[in-house]
Amino acid sequence: VTAALVLAALFTVAVVLFVALPFLREPSPTDDRLDQPGTLERRQLALAEERDRALAALKELEFDHRTGKISDDDYRALVGPLRRRAGDALRALEPRTTVSPEPVSVSTDDL
Amino acid sequence: MADLGRAALVLSLGLALYALIGGAWAAHTRRRRFALSAQRALVAAFGSTLVASAVLLAALARHDFSNQYVADHTSRGLPLGYTLSAFWGGQAGSLLLWLLVLTGYGAAAVLLHRKAAKDIVVWAVPVLGGVASFFALLLVFVSSPFVTQAAPSDGAGMTASLQNPYMLAHPPMLYLGYVGLTVPFAFAMGALLSGRTDERWIVATRRWTLAAWTFLGVGQLLGSHWAYVEVGWGGYYAWDPVENAALMPWLAATAFLHSVMVQEKKNMLKVWNMLLVILAFSLSIFGTFLTRSGVVNSIHAFAQGPIGAWFLGFVVVVVAFSTLMVIRRLPDLRARTRLESAISREATFLYNNLLLVALCLTILWGVTFPILSEAVRGEAFTIGKPYYDFFLRAFGLPLLLLMAIGPLVAWRRSSLRALGRMVLWPAALALTTGLVLLGFGAGSSTPGLIAYTFSAFVLASIGLEFARGTQARRALSGEPWPRALTQLVARNRRRYGGYVVHAAIVFLAIGIVGSSAYGTTVERKLQPGQSLRIDGYTLRYRGLTQAETSNATERRAVLDLGGRASGTLRAGKNSYPVEQSVSNEVGIHTNWLRGEDLFVIADQINPDGSVYFKVLVKPLVNLIWLAGFVFVFGSLITLWPDAREQRRLALHYEESGVRTA
């Protein structure tokens, strides 16, 4: 038996202990199930993403308008539907809160 | 110590298999402790691979020739740096490096994202375990770096062309890039397997993709510079299959980095993005197949062996499995929004994607057609530079034009009038540049002139974007110009970091066009005392010198420079007696003001002291290397962590009532 093999055996034992630690720490847990978002939680997550996407689109539109990439006419045509979309997303996410889709103003944080 | 190395690799294989099988079972049955244990197995696999790597490095440093790998790739006279670089100089060592980087990346990705993207991580672990199992399996059963033998008195040495400082950094960089593409692939598969095809996998892996893409880009540039100074034919890229093997996944990843923004902003192109991630990863494995299988003739195919079939089989499994997963999840991936206008930012991203993928697939065809032709018809067939150059122009020039126009187009839709107003000044500047260059004789190459005109267009557009963005911020905040600019970049790192990367690509294009379309070459045999002239330079051949180093005999032709340059230049050859090989050692004089190189190759040194010289003047070639620094700078801006993004994801979980602990 060489020193290398002894080292290898010790290392293997340490690794096995490391990998088995979740079982050694909790030999008989009350709940061993992985958390899984339910249908409602998944829907809420999707709505939160939709809300962020709509708000980001509004900010992007403001920025593009300020930098001259969007004409006034195009801006006026686009901003209404985007505000409605953002408002819908906010209402869907917080159904009991009355949210009015106020015009989004651009702060320096957005630029 | 080879026993320890072997044991560590067997342990790595066991741990990777556990991460694969145990992790998949845990994810399928939703077992928490098993899932945690599988994640730990991946981390432990990194630890055991690290031990195996340390054993190999120690054997290399000690010149332990009882290790066959050490004896095959090094010799006693080899300097220490190159001796250690033999770690990735041979097949088994490079596979070990691959496994080390893979398990390291995998462990880091799992540890970093186990809370914010835990559903996906649970399934990403078995995918990472599967890829790691493949490499560990090869290392244990097919190509081990720990095979022992009776120690010879000296080793076989290292291939002469690998004895270059660039070889210390170029292969590890490429590996960091190739292997890094496993993380987005694993998370993409994790998203498909778990059914969580929302933005989470993209947010989790965006920086991993960017990092891998940056490493791959830098690795290729280092490789190009190595080829330029070491291989000694006067070029930096030869459309060699192995060079193409690194370019293809980089192009696919470039397309992904652009199209992923469309998914984030518009919830579109989900299937396309999945396919791009699969393509990039599969191409990185295919690249290893090309390098290691011996099916292509390449100066880079240093290590060849019987593992080509294994890699080909693995590519087939990866493509089949991932395609099936995409098909299975097609209903979830279908876009619910549409492209609103052909003149919009997202449309330009789509055009750029089509061009990038077309270029990538064209190169893939150029690489695979000769292999298929030989396999099916038994005829050796080579696809050469003209094929690649044609498609580089056909797809590259429109890409440059899109880089100029894209940033000036608004998201959703832009009117032609607004677009016309935005491009007016950059286009006018570009046309003026083109006309001035035409006056200076740049019309000798039409593609070159077009490329320069488009390059000016891109740089003007980028400048305008920075100026208008800063102006808009100033108008709101009243900040002074420098602060408004830095805050603008800090708040929009991806956008402005991306523009800096675009500037790097422009420098690269200018360098490539300048050095290839407007270069000059003179070939002449000179006796001592004779001279030649090229592009305002005079080179007078003084004579030959010879010097001995620890492992080589260095012969140099000494040339006195005159005309546009002064000083001396040395070009010659190194002879390596142990390796029984000769390397070209070129002489380069750089004119930093013009970005130009005077490049001298001593092609043939004759016994009578005469030398057959090949001399090249390569205008603007140094912009290619400058592009590397700008590229890294832009990538770092883009890569910089954004706490707001993490907060936003955490808030999503909180709002939705999902536990992250």
Side-chain angles (χ1 to χ4, degrees), chain A residues 2-5 7-9 11-12 14-16 18-23 25-26 29 31-38 40-53 56-57 60-61 63-71 73-75 77-78 82 93-94 106-111, chain B residues 1-4 7-8 11 15 18 26-27 30-37 40-41 43-44 47-48 51 118-119 122 198-199 264-267 408-415 417-418 421-422 465 468-469 471-473 475-477 479 487-488 491-492 648 651-653 655-659:
Chain A
T2 64
L5 283 177
L7 267 177
F11 182 64
T12 306
V15 162
V16 169
F18 177 75
V19 173
L21 206 60
F23 296 101
R25 265 193 197 144
E26 297 178 85
D31 181 15
D32 192 29
R33 299 282 297 171
L34 272 168
D35 291 330
Q36 194 173 14
L40 182 67
E41 289 161 334
R42 281 186 185 224
R43 191 178 131 70
Q44 290 289 99
L45 275 171
L47 286 170
E49 278 182 16
E50 175 56 22
R51 175 203 58 196
D52 285 2
R53 210 175 281 124
E60 197 79 51
L61 183 72
F63 185 72
D64 284 346
H65 185 225
R66 278 181 180 274
T67 50
K69 288 177 197 168
I70 290 241
S71 65
D73 289 345
D74 279 345
Y75 174 76
L78 286 168
L82 273 180
L93 197 61
E94 298 174 63
V106 177
S107 73
T108 50
D109 279 0
D110 303 322
L111 295 182
Chain B
M1 294 297 272
D3 287 339
L4 180 60
L11 194 57
L15 289 163
Y18 179 74
R30 311 297 305 168
R31 300 291 174 109
R32 182 174 53 85
R33 287 179 305 165
F34 242 112
L36 283 175
S37 176
R40 284 173 161 259
V43 177
S48 58
V51 169
K118 62 178 180 178
D119 282 8
V122 168
D198 50 47
E199 64 170 351
E264 284 175 56
K265 300 229 183 224
K266 301 271 299 184
N267 209 17
L408 305 176
V409 185
W411 283 94
R412 310 184 75 82
R413 75 169 185 235
S414 222
S415 64
R417 204 166 150 194
R421 212 173 41 241
M422 287 299 290
E465 270 294 280
R468 285 194 169 141
Q471 196 177 31
R473 188 176 168 90
L476 283 169
S477 67
E479 291 167 335
Q487 285 300 308
L488 179 79
R491 294 275 173 189
N492 302 275
R648 187 169 63 83
L651 186 66
H652 282 185
Y653 271 124
E655 286 172 331
S656 311
V658 180
R659 281 167 56 194

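Letters go in sequence order (proteins before strands), and every chain restarts at 1. Below, each value reflects all heavy atoms present in this structure, side chains not excepted, and no hydrogens, waters or symmetry copies.
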Legend entry - Given B:R468, B:R421, B:E465, the one that forms side chain to side chain contact (heavy atoms under 4.5 Å, CB included) with A:K69: B:E465
Legend entry - Pi-cation contact, A:F18 with B:R40 (under 6.0 Å, within 45°): yes
Within this structure, what is the [atom1]-[atom2] distance for the pair [X] and [Y], rounded to the nearest 0.5 Å?
| X | Y | atom1 | atom2 | answer |
| --- | --- | --- | --- | --- |
| B:L488 | A:F63 | CG | CZ | 5.5 Å |
| B:L36 | A:L34 | CG | CG | 7.5 Å |
| A:I70 | B:W411 | CD1 | CH2 | 12.0 Å |
| A:T67 | B:Q471 | OG1 | CD | 10.0 Å |
| B:D3 | A:T2 | CG | OG1 | 4.5 Å |

Top contributor to chain A interface from [options] [non-hydrogen pairs under 4.5 Å]:
| options | result |
| --- | --- |
| B:A410, B:A7, B:G47, B:A418 | B:A410 |
| B:V122, B:L408, B:N267 | B:N267 |
| B:K266, B:R31, B:R417, B:E199 | B:E199 |

Legend entry - Side-chain heavy-atom pair A:D64, B:R412 within 4.5 angstrom cut-off: no
Toward chain B, the part of [X] with a non-hydrogen atom under 4.5 Å:
| X | answer |
| --- | --- |
| A:R25 | side chain |
| A:A57 | side chain |
| A:L47 | neither |
| A:D52 | side chain |

Inset, instruction - Evaluate whether atom CZ of A:R43 has more than 12 neighbouring non-hydrogen atoms of other residues, nucleotides or ligands under 6.0 angstrom away. - result: no
Inset, instruction - Give a yes or no on whether a salt bridge exists between A:E60 and B:K265, defined as a side-chain N under 4.0 angstrom from a carboxylate O. - result: yes
Donor-acceptor pair, [X] side chain versus [Y] backbone, under 3.5 Å?
| X | Y | answer |
| --- | --- | --- |
| A:R53 | B:E264 | yes |
| B:S37 | A:V19 | yes |
| B:R33 | A:D32 | no |
| A:D74 | B:R413 | no |

Of the backbone (N, CA, C, O) and the side chain (C-beta and beyond), which part of [X] lies under 4.5 Å from a heavy atom of chain A, both, or neither?
| X | result |
| --- | --- |
| B:A2 | neither |
| B:M1 | both |
| B:V409 | backbone |
| B:A44 | both |
| B:D119 | side chain |
| B:F34 | both |

Legend entry - Least distance between heavy atoms, A:D31 atom then B:R32 atom: O-NH2, 2.9 Å
Inset, instruction - Identify which of A:R33, A:H65, A:R51 forms the greatest number of heavy-atom pairs closer than 4.5 Å to chain B. - result: A:R33
